[in-house]
Structure formats: structure tokens, C-alpha cells
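Since the structure comes first, as C-alpha cells, the remarks are kept for the end.
Both ligands and their constituent atoms are indexed starting at 1 by order of listing.
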Amino acid sequence: MTMRLAVLISGRGSNLAALLDAQPDSNFQVAHVISNNAQAKGLDIAQDHGVNNSHVLWKNRALGEQHALELLAGIQPDLIVLAGFMKVLSADFVSQYENKIINIHPSLLPLYPGLNTHQRAIDDGQSTHGASVHVVDDQLDHGQVLSQTHVSIDPNDSAETLAQKLIAKEHRLLTKTVQMIASGQLSCDNGWYFKGEPLNKPWVEQA
Ligand code: GRF
């Protein structure tokens, strides 16, 4: 059975594009794209791929979430993917889709929740950085980490070069993680499991 995704975005949409590119060879389908930003490039990407898409006016969290929840009630997604979605969801919203919302975040969580992750990793003298896919709860970049990918920080890396190195890995990590959920390899039933074993630490992308 094909897993239906709702993808929430705020901007460029390169992770959305990666999901759409992987879709033909996968058992998931992007059913609908929702953006809180009418100018988001990701809405054009959805449009170009013939994917239903909506702009939700996020005047404040209550109104934005109400509109998004109405849309989601019609979409009936199996999984909600936050891909560059820059709003923190409320406990009420998250409780309606418990363990059914994931987010891609550009750091090795629990390190560096929030913004400017690349610069913060460099400033701390880290030699390794990365990205995480985690379950969304009502705190910023906080829920259980399902999967991670690593990238080395070279002495002459800037936040920009590090972001460039990481983004392709982010795309692979997100698509791979969604594929693993769609295929049932990664599953949730009173806790998360990988191939039937409790997921005690994040699955790591080796490539
Ligand atoms: C990515 O770096 C993602 O990890 C972060 O926001 C960025 C979104 O990029 N949450 P895009 O919109 O998918 O191109």
C-alpha cells in the first residue's frame, strides 16, 4: 500500500524535491504540500509536479494550525513530513498526529536545536556535524531521533560550505527514512522499532 504524505514547507523546498524525485521508486506518495509562506519556492515545485498544494496564512499559531488541521482532515495523510517548515507546532496539533509527524533538522540532535546550526557547530570546534530526522513533539527540534547522517567539518569550512556539503546528505537521509517508514522497516507501536527491534539509538546513514 502506498503511504500518503503531507509535506509542510516554508521555503526553498529542496527536501520536498528530493522526496518527489524518489517517489516513483518508492511506496510513498506526496499527496499534498502545505506552506505557511505564499512565496515559498517549494509551492512552485509542487505545482510543476502536479501535486496538490495550499498556502495557509499563519497570522498566528491558532489560526494557522486551525486551517492546516482542516486541510489535513481532508488529505488524511499517513505521515506528515516537515521539510524546512519554520513554525513550531502546538501540543494540541501534535497530539492529533502523535508519532505521525517527522522533521528534518540540520544538526546531530540533541546538539543545536533551532537556527544557525552550521555556524554553531563550527564555533564550538566540532569536527563532525550532520542532520537528523526526528519525531515531532511540541518542543523545538526535540522528539525522538530516528535517523542521522554525518559530515566532517574541515578547518576552512564556513557555514555556507558546510550547508552545501550537508544538503545532499539531508535529502538522502529524509527520503531513506520516509522509505523505511513506508516499507514498515521503521515502525511505531508503543515506541519505535527498526526491523522489529527497539530503536535504542538513531539509524545512521552510512553513505
Ligand atoms: C534544510 O536544511 C532543513 O534541514 C531545515 O531547513 C532547510 C530546508 O531546506 N529544516 P529546503 O526548504 O528543504 O530546501
Side-chain angles (χ1 to χ4, degrees), residues 5-23 26 28 30-49 51 53-56 58 64 68 79-89 93-94 101-122 126 128-153 157-179 181 202-205 207:
L5 309 181
V7 181
L8 272 58
I9 61 166
S10 298
R12 180 178 57 174
S14 69
N15 279 286
L16 165 67
L19 287 170
L20 289 166
D21 287 347
Q23 187 170 279
S26 310
F28 66 78
V30 179
H32 206 113
V33 174
I34 297 175
S35 173
N36 66 302
N37 168 15
Q39 263 73 52
K41 286 225 167 65
L43 285 176
D44 300 331
I45 294 172
Q47 194 68 27
D48 291 347
H49 282 76
V51 175
N53 58 87
S54 308
H55 165 233
V56 166
W58 218 270
L79 185 71
I80 299 171
V81 179
L82 310 188
F85 182 65
M86 303 304 283
K87 298 287 181 190
V88 179
L89 296 169
F93 187 108
V94 171
I101 313 176
I102 61 172
N103 178 43
I104 174 89
H105 180 73
S107 80
L108 293 173
L109 291 171
L111 292 175
Y112 313 123
L115 298 175
N116 302 320
T117 58
H118 311 307
Q119 192 60 53
R120 286 155 70 198
I122 292 170
Q126 304 279 5
T128 305
H129 185 47
S132 308
V133 173
H134 67 95
V135 180
V136 171
D137 63 15
D138 62 333
Q139 294 175 55
L140 180 65
D141 303 324
H142 180 266
Q144 181 171 355
V145 179
L146 299 178
S147 61
Q148 288 184 321
T149 189
H150 297 83
V151 69
S152 62
I153 302 183
D157 264 329
S158 63
E160 289 72 30
T161 62
L162 198 48
Q164 273 167 24
K165 283 199 287 191
L166 188 58
I167 193 73
K169 291 190 166 211
E170 277 188 43
H171 296 160
R172 272 203 301 279
L173 183 72
L174 182 62
T175 54
K176 177 77 187 172
T177 306
V178 171
Q179 273 164 4
I181 295 172
W203 177 88
V204 175
E205 165 88 67

Can you check whether [X] reaches [Y] side chain to side chain, under 4.5 Å on heavy atoms?
{"X": "Gln23", "Y": "Leu5", "answer": "no"}
{"X": "Ile101", "Y": "Phe93", "answer": "yes"}
{"X": "Val30", "Y": "His49", "answer": "no"}
{"X": "Arg172", "Y": "Thr149", "answer": "no"}

- Enumerated ligand 1 atoms positioned under 4.0 Å from heavy atoms of Gly84: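 It comes down to these atoms of ligand 1: 6 (O), 8 (C), 10 (N).
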Nearest protein heavy atom to [atom], by residue and atom, and its distance?
{"atom": "atom 5 (C) of ligand 1", "result": "Pro106 CD, 3.8 Å"}
{"atom": "atom 1 (C) of ligand 1", "result": "Glu170 OE1, 3.2 Å"}
{"atom": "atom 11 (P) of ligand 1", "result": "Ser14 N, 3.4 Å"}
{"atom": "atom 10 (N) of ligand 1", "result": "Ile104 O, 3.0 Å"}

- Message: In this structure, does ligand 1 have an atom that sits under 4.0 Å from one of the heavy atoms of Gly42?
- Response: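 It does not, in that no heavy atom of Gly42 comes within the 4.0 Å cut-off of ligand 1.
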- Go through the steps for Asn15 and His171 under the test side chain to side chain contact (heavy atoms under 4.5 Å, CB included), then give the verdict. CA-CA 5 Å; Asn15 279 286; His171 296 160; 3.2 Å; yes
- Item | Proximal candidate to atom 12 (O) of ligand 1 [heavy atom criterion; set Ala163, Gly11, Ala17, Gly13] |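 Minimum heavy-atom distance to atom 12 (O) of ligand 1 goes to Gly13.
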- Query: So is there a nitrogen or oxygen of Arg12 less than 3.5 Å from a nitrogen or oxygen in ligand 1?
  - Reply: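 Yes, since at least one N or O of Arg12 sits under 3.5 Å from an N or O of ligand 1.
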- Exceeds 12 heavy-atom contacts within 6.0 angstrom, atom NZ of Lys41: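 It does not: Lys41 NZ has 12 such atoms or fewer within range.
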